[in-house]
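Here the structure comes first, spelled out in structure tokens, and everything after it is commentary.
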Protein chains: 2
Amino acid sequence: MSRLPEYLRALHALADAGHETVSSEGLANAAGVNSAKLRKDLSHLGSYGTRGVGYDVALLIDQIESVLGLTQCRAVALVGVGNLGHALAGYDGFASRGFRIAALLDADRSRVGEQINGLVVRHVDELSRVVAEESISIGVIATPAPAAQAVADELVAVGVTSILNFAPCVLSVPDGVDVRKVDLAIELQILSFHEHRKASLTALPATGGPGLAALPGGLAATDTQEAIGT
Amino acid sequence: MSRLPEYLRALHALADAGHETVSSEGLANAAGVNSAKLRKDLSHLGSYGTRGVGYDVALLIDQIESVLGLTQCRAVALVGVGNLGHALAGYDGFASRGFRIAALLDADRSRVGEQINGLVVRHVDELSRVVAEESISIGVIATPAPAAQAVADELVAVGVTSILNFAPCVLSVPDGVDVRKVDLAIELQILSFHEHRKASLTALPATGGPGLAALPGGLAATDTQEAIGT
DNA sequence: CTATGTGAAAGAATTCACAGCA
DNA sequence: TGCTGTGAATTCTTTCACATAG
């Protein structure tokens with residue numbers, strides 16, 4: 001599950017708060033899921049809690065970190081030092097959670113040489129050298145969309161096999177390379193959908209039953225609700 | 001589906017490239033899904049393509065925008081003008097996709113008054129006034145984790161019903177309020193898991209069959225693979 | 001003949017509910 | 001008694017495959 005990292009975050013918070021042990025119910029709350037799901041997820045790890053007691057917080061942290069491969073700090077290359085790239089370069093949430101931004105790169109020579117958070121921006125031509133020097137395994141793309149595919153190709157060419165893509169476009173990569181995409185505008189658009197739905201519903205007070213009125217788009221509200229998950 | 005925004009992005013790209021019509025296959029490629037899924041999704045919208053031809057790009061854009069509630073530009077309040085908040089405030093991907101950052105707020109008085117991208121940072125005390133003045137429907141939280149719940153409470157109190165949360169913590173909100181979370185470190189951790197898995201597999205050359213060796217964490221590789229989606 | 005729209009099949013994910021261990 | 005771990009039941013999603021409209 002892609003929920004393990006969320007459990008890990010919750011566990012760290014619990015550990016900081018002094019808990020040595022936690023029930024599936026307690027951890028589930030802290031992670032924002034229900035307890036049955038959490039227990040099922042953890043059981044897939046073969047992780048053992050203690051019946052009648054719960055899970056040992058420190059032990060579970062170790063287990064999950066080992067499964068996620070976070071026992072070593074991973075070096076990351078960030079390509080694209082615009083607005084967003086700048087913020088990512090300065091984001092301390094990475095360092096505290098197992099990652100080290102080991103290189104900043106940009107295609108714009110006017111940005112090369114700039115120093116951000118103790119790191120100098122290098123030209124993207126140096127990618128190959130930097131990846132080797134720093135044993136970089138993960139690339140982050142924060143360029144404009146039109147440049148993203150070319151950057152992805154270069155990352156793959158120099159041996160990077162995991163990419164986090166902030167550019168609003170789909171990347172095509174060979175098998176064996178993993179890509180995750182974060183599109184900030186899409187997140188807002190999903191919220192917009194929910195807003196739109198809520199507005200439509202309150203505008204039609206208490207029309208239960210089958211005759212539920214059509215939305216602006218010409219759709220029954222129930223269909224539309226079904227049409228967008230979460 | 002939360003895939004409609006992705007289709008919308010792909011459609012805009014196609015429109016910009018001069019396409020007036022597109023097949024389910026073509027749009028599916030541009031959006032990074034398969035065509036059966038795309039057709040099923042669009043059929044839920046009641047959207048009509050033309051058999052033998054495909055979908056009218058402009059028409060489909062209108063339909064999806066209307067379903068997502070993007071026919072009007074939505075005003076957004078951004079709380080927390082640190083590193084990430086700064087980047088979000090300057091991100092032009094919002095404006096071009098139906099959103100207007102209408103207010104920047106921060107609890108830190110030393111930041112109040114600062115101007116970012118033509119907007120002045122205001123103190124979070126003014127939230128109530130600003131939300132009313134600007135008809136804000138969506139709040140974005142880019143504060144440190146410890147402050148996020150309090151900000152969420154305030155947003156809810158002044159009538160915001162959708163929240164995009166960048167702080168690494170779960171928010172509890174009343175029914176009827178939608179929250180989406182983006183946690184950048186979690187995205188990297190998921191990639192780390194994939195890296196870890198790939199490394200383990202190549203380290204054990206061609207050990208097929210049931211005896212597939214254990215990972216560092218003491219798990220069979222197949223179990224672990226099953227344990228994290230996508 | 002082409003490509004949509006959609007029942008039906010297959011596959012995942014979630015939830016239920018409880019046996020069994022501490 | 002309290003809480004985990006897990007089969008069984010349920011629900012949701014994805015894929016298949018084809019009748020049907022243009």
Side-chain angles (χ1 to χ4, degrees), chain A residues 1-7 10-11 14 19-61 63-64 67 190 217-220 222-230, chain B residues 1-7 10-11 14 19-61 63-64 67 190 217-220 222-230:
Chain A
M1 308 277 147
S2 40
R3 281 183 300 256
L4 290 183
E6 189 65 56
Y7 301 158
L11 284 164
L14 288 166
H19 292 71
E20 301 202 332
T21 195
V22 66
S23 68
S24 63
E25 188 78 21
L27 180 52
N29 282 351
V33 301
N34 75 36
S35 61
K37 184 149 52 182
L38 178 120
R39 286 203 303 279
K40 179 80 71 175
D41 286 346
L42 292 188
S43 78
H44 279 125
L45 300 187
S47 174
Y48 291 164
T50 315
R51 292 177 197 230
V53 178
Y55 300 90
D56 181 287
V57 172
L59 188 80
L60 199 48
I61 286 175
Q63 285 223 20
I64 293 179
V67 168
I190 292 170
L219 293 157
T222 42
D223 288 354
T224 316
Q225 181 157 17
E226 174 179 306
I228 210 165
T230 310
Chain B
M1 311 278 143
S2 41
R3 282 183 298 257
L4 289 184
E6 189 66 56
Y7 301 158
L11 283 164
L14 288 166
H19 293 71
E20 301 203 332
T21 197
V22 67
S23 68
S24 63
E25 189 79 22
L27 180 52
N29 282 351
V33 300
N34 75 35
S35 61
K37 183 148 52 181
L38 178 119
R39 285 202 303 281
K40 180 78 77 177
D41 285 347
L42 293 188
S43 78
H44 279 124
L45 300 186
S47 176
Y48 291 162
T50 313
R51 294 179 196 228
V53 178
Y55 300 90
D56 181 288
V57 172
L59 188 80
L60 199 48
I61 286 175
Q63 285 223 21
I64 294 179
V67 168
I190 292 171
L219 292 157
T222 43
D223 288 352
T224 317
Q225 181 156 18
E226 175 179 305
I228 211 165
T230 309

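Lettering of chains follows the sequences in order, A, B, ..., and the numbering in each one begins at 1.
- Between S24(B) and dT4(C), a side-chain N or O to OP1/OP2 separation shorter than 4.0 Å is present.
- Here Y48(B) does not reach the OP1 or OP2 of dT6(C): none of its side-chain N or O atoms lies under 4.0 Å away.
- Side-chain contact between L45(A) and L4(A) is present, with at least one heavy-atom pair separated by less than 4.5 Å.
- When the P atom of dT14(C) is taken as reference, atom CG of L42(A) falls 14 Å away, rounded to whole Å.
- When the side chain to side chain donor-acceptor pair (under 3.5 Å) test is applied to Y55(A), no partner is found at least two apart in sequence or on another chain.
- In this structure, L27(A) and L60(A) have side chains that are in contact, with non-hydrogen atoms separated by less than 4.5 Å.
- Across all their heavy atoms, A31(B) and E6(B) have their closest contact at O-CG, 3.6 Å.
- In this structure, D56(A) places its CG atom 15 Å from C1' of dT4(D), rounding to the nearest Å.
- Taken to the nearest 0.5 Å, the OG atom of S47(A) stands 5.5 Å off from the CG atom of L42(A).
- For the atom pair OG of S23(A) and CG of L38(A), the computed distance is 9.0 Å after rounding to the nearest 0.5 Å.
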Please tabulate the protein-to-nucleotide N/O contacts below 3.5 Å involving nucleotides 20-22 of chain C, giving atom names and distances.
unit_1, atom_1, unit_2, atom_2, d
dG20(C), N3, R51(A), NH1, 3.4

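- Put simply, CG on D41(B) is 14 Å from C1' on dT4(C), counting in whole angstrom units.
- Across the protein-nucleic acid pair, Q63(B) atom CD and dG5(C) atom P stand 10 Å apart, rounded to whole Å.
- Distance, R3(B) CZ to dC12(D) C1': 12 Å, rounded to whole Å.
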Pull out every protein N or O sitting under 3.5 Å from an N or O of nucleotides 15-17 of chain C, one pair per line with the distance.
unit_1, atom_1, unit_2, atom_2, d
dT15(C), OP2, N34(A), ND2, 2.6
dA17(C), N6, R39(A), NH2, 3.4

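- Nearest heavy atoms, V57(A) versus L11(A): CG1-O, 3.7 Å.
- Closest heavy-atom contact between P5(A) and I190(B): CG-CG1, 3.9 Å.
- In this structure, NE2 of H44(B) is placed 11 Å from P of dT14(D), rounded to the nearest angstrom.
- The shortest side-chain heavy-atom distance between V33(A) and Y7(A) falls under the 4.5 Å cut-off.
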